[in-house]
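Here is the structure we will look at.
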Amino acid sequence: YGTTRAAALSDRLQSTLGMELSGVILISPVLNFATLRFDAGNDLPYALYVPAYAATAWYHGKLTGEEKGSREEAVERAQEWAMTDYLVALAKGDGLVGAERERIAARLASFTGLSREFVLRSDVRVEIQQFCKELLRGEGKTVGRLDSRYTATEGNATLPTPSFDSSYATIQGPFTAALNAYLRGPLRYTTDLNYEILTGKVGPWNFGDARNRYANVADDLRRAMTTNPRLRVLVACGYYDLATPPSAATYTMEHLGLDERLRGNITTTFYEAGHMMYLRKADRDKLKADTAAFFAAALGDGGTSEE
């Protein structure tokens with residue numbers, strides 16, 4: 001949740017300490033948790049995940065017909081449909097019946113690579129873990145959550161959801177080895193404690209005043225950008241990120257409530273990898289170039305402001 005903290009911290013540093021920032025970089029961000037939580041009564045994530053599902057289905061060769069073009073075309077069409085027809089259909093709840101329900105199910109199936117029958121059984125709402133299991137079920141494989149390009153085989157193909165995240169399993173060993181080598185080598189630090197990349201031992205998370213509601217620090221970022229019109233924001237997203245999908249990030253940025261003159265201070269870049277796009281060399285190089293350009297702009301003319 002580094003990006004969540006970064007957005008909140010940008011406002012706090014400026015408002016309480018007078019430390020004006022030139023820029024904030026958000027890599028695979030989540031600022032508004034309502035965009036990610038597949039909870040009863042919250043239909044928004046079902047729509048926001050469709051473009052990432054489409055990118056994943058495209059990568060694994062599961063798109064057919066008119067959706068079979070380039071990845072960018074598939075994502076763009078999925079985005080347009082999900083935020084119009086699909087959102088309206090979801091809002092109808094139990095009122096979505098008959099031919100309209102069949103039409104929505106068929107369209108969702110075409111964008112996700114899933115069967116129309118599965119989509120209908122899922123009440124035209126496909127949660128991330130269901131998608132990760134179902135897309136390649138016929139091949140006995142699952143796709144990853146952090147990076148849906150990765151796949152894995154499981155002993156029990158009848159499970160409703162994956163028993164592990166193939167993309168996390170792939171990086172866990174190398175990450176742990178690299179950190180241990182760095183600690184014991186250049187830093188000369190030794191400890192008997194285990195290094196854990198992700199662990200439930202840090203929970204439960206304390207989201208401050210976000211009780212009985214979704215944590216949302218988007219307004220913190222809006223305040224920071226409004227009080228400091230020179231503040232620039234770089235949002236970096238991976239096409240195959242099913243943990244914090246690109247559409248959720250762009251949706252949040254488009255709902256900050258910023259003055260029109262400040263909207264140009266937000267730059268969004270996309271990469272052909274997942275949550276940690278820097279694991280792919282070509283994207284690591286692109287991210288380096290993108291951040292260098294961002295630094296030059298943030299430290300140069302200072303962004304959008306009135307003279």
Side-chain angles (χ1 to χ4, degrees), residues 28 36-38 45-79 81-82 86 104-175 197-198 237-248 270-277 279-280 282-283:
S28 303
L36 304 182
R37 301 299 195 202
F38 292 90
Y46 293 103
L48 293 178
Y49 266 76
V50 172
Y53 290 164
T56 304
W58 177 90
Y59 181 84
H60 293 287
K62 295 300 180 180
L63 294 186
T64 59
E66 63 177 317
E67 313 305 348
K68 199 179 179 181
S70 70
R71 178 193 55 226
E72 288 76 9
E73 291 172 337
V75 169
E76 184 178 352
R77 285 194 294 266
Q79 174 80 17
W81 177 79
Y86 187 41
I104 292 296
R107 197 74 169 126
L108 182 57
S110 73
F111 281 123
T112 60
L114 305 177
S115 71
R116 183 182 62 85
E117 293 73 20
F118 178 81
V119 170
L120 284 170
R121 290 198 306 271
S122 301
D123 193 27
V124 296
R125 292 166 173 80
V126 180
E127 184 263 349
I128 175 180
Q129 294 298 328
Q130 293 176 313
F131 175 81
C132 289
K133 182 69 176 185
E134 192 67 23
L135 181 66
L136 301 180
R137 184 185 291 274
E139 302 171 27
K141 298 178 180 179
T142 62
V143 300
R145 172 179 172 268
L146 294 175
D147 192 323
S148 60
R149 296 175 302 148
Y150 291 81
T151 63
T153 56
E154 294 185 312
N156 188 346
T158 66
L159 296 175
T161 59
S163 58
F164 67 96
D165 177 0
S166 56
S167 53
Y168 174 62
T170 301
I171 65 172
Q172 183 181 17
F175 268 42
I197 301 177
L198 294 175
C237 301
Y239 280 113
Y240 306 112
D241 181 3
L242 295 185
T244 56
S247 292
F270 298 90
Y271 305 86
E272 299 182 31
H275 192 67
M276 293 165 283
M277 69 287 294
L279 295 178
R280 181 175 180 268
D283 285 317

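- A search for side-chain contact (heavy atoms from CB on, under 4.5 Å) contacts involving Ser115 returns Glu117, Phe118, not counting sequence neighbours.
- A pairwise comparison of heavy atoms in Ala248 and Leu48 identifies CA-CD1, 4.0 Å as the closest pair.
- Proximity of a side-chain donor or acceptor of Trp58 to a complementary backbone N or O of Gly69 within less than 3.5 Å is detected.
- By the 4.5 Å heavy-atom criterion applied to side chains, Thr244 and His275 are counted as neighbours.
- Here the closest non-hydrogen pair linking Leu242 and Ala52 is CD2-CB, 3.6 Å.
- Separation of atoms OG (Ser122) and CG (Leu114) is listed at 8.0 Å; rounding is to 0.5 Å.
- Put simply, the side chain of Glu154 gets close to the backbone of Ser163: a donor and an acceptor are under 3.5 Å apart.
- How far CZ of Arg116 is from CZ of Arg121: 11.0 Å, rounded to the nearest 0.5 Å.
- No side-chain heavy atom of Arg280 sits less than 4.5 Å from a side-chain heavy atom of Tyr271.
- Taking CZ from Arg137 and OG1 from Thr158, the interatomic distance works out to 7.5 Å, rounded to the nearest 0.5 Å.
- Figure legend: Arg71 and Tyr239 shown as a cation-pi pair, the cationic atom lying under 6.0 angstrom from the six-membered ring centre and within 45 degrees of its axis.
- A donor-acceptor pair is defined here as one N or O able to donate and one able to accept, closer than 3.5 Å; no such pair exists between the side chain of Thr142 and the backbone of Cys132.
- The environment of CD in Glu76 is sparse: at most 12 heavy-atom neighbours from other residues, nucleotides or ligands sit within 6.0 Å.
- Phe111 has its side chain out of reach of Val119: every pair of non-hydrogen atoms, C-beta onward, lies at least 4.5 Å apart.
- The shortest non-hydrogen separation linking Pro246 to Asp241 is CD-O, 4.0 Å.
- Taking each heavy atom of Tyr86 and Val50 in turn, the nearest pair found is CE2-CG2, 3.8 Å.
- Here the side chains of Val126 and Leu108 are in contact, with some heavy-atom distance below 4.5 Å.
- Using a 4.5 Å heavy-atom cutoff, the side chains of Met277 and Ser28 are in contact.
- Residues Ser247 and Pro51 come closest through the heavy atom pair OG-CG, 3.1 Å.
- In this structure, OG on Ser166 lies 10.5 Å from NZ on Lys141, to the nearest 0.5 angstrom.
- Residues in residues 120-170 take part in these ring-ring contact (aromatic ring centres under 6.0 Å, His included) pairs, two or more places apart or across chains: Tyr53-Phe131.
- When the salt bridge (charged side-chain N to carboxylate O under 4.0 Å, His left out) test is applied to Asp165, no partner is found at least two apart in sequence or on another chain.
- Under the 3.5 Å distance criterion, the side-chain polar atoms of Asp283 are matched with a main-chain donor or acceptor of Glu272.
- Side-chain N or O atoms of Asp123 include none that pairs as donor or acceptor with a backbone N or O of Arg125 at under 3.5 Å.
- Note that the NZ atom of Lys133 and the OG1 atom of Thr161 stand 7.5 Å from one another [nearest 0.5 Å].
- Residues passing the salt bridge (charged side-chain N to carboxylate O under 4.0 Å, His left out) test with Glu139 are Lys62, sequence neighbours excluded.
- Annotation: ring-ring contact (aromatic ring centres under 6.0 Å, His included) contacts of Phe38 (sequence neighbours excluded): Tyr46, Tyr49.
- With rounding to the nearest 0.5 Å, the separation of CG in Leu146 from CD1 in Ile171 is 5.5 Å.
- Using a 4.5 Å heavy-atom cutoff, the side chains of Pro160 and Gln130 are not in contact.
- Closest approach of Leu36 and Pro245 over heavy atoms only: CD2-CD, 3.7 Å.
- The salt bridge (charged side-chain N to carboxylate O under 4.0 Å, His left out) search around Arg37 returns none, not counting sequence neighbours.
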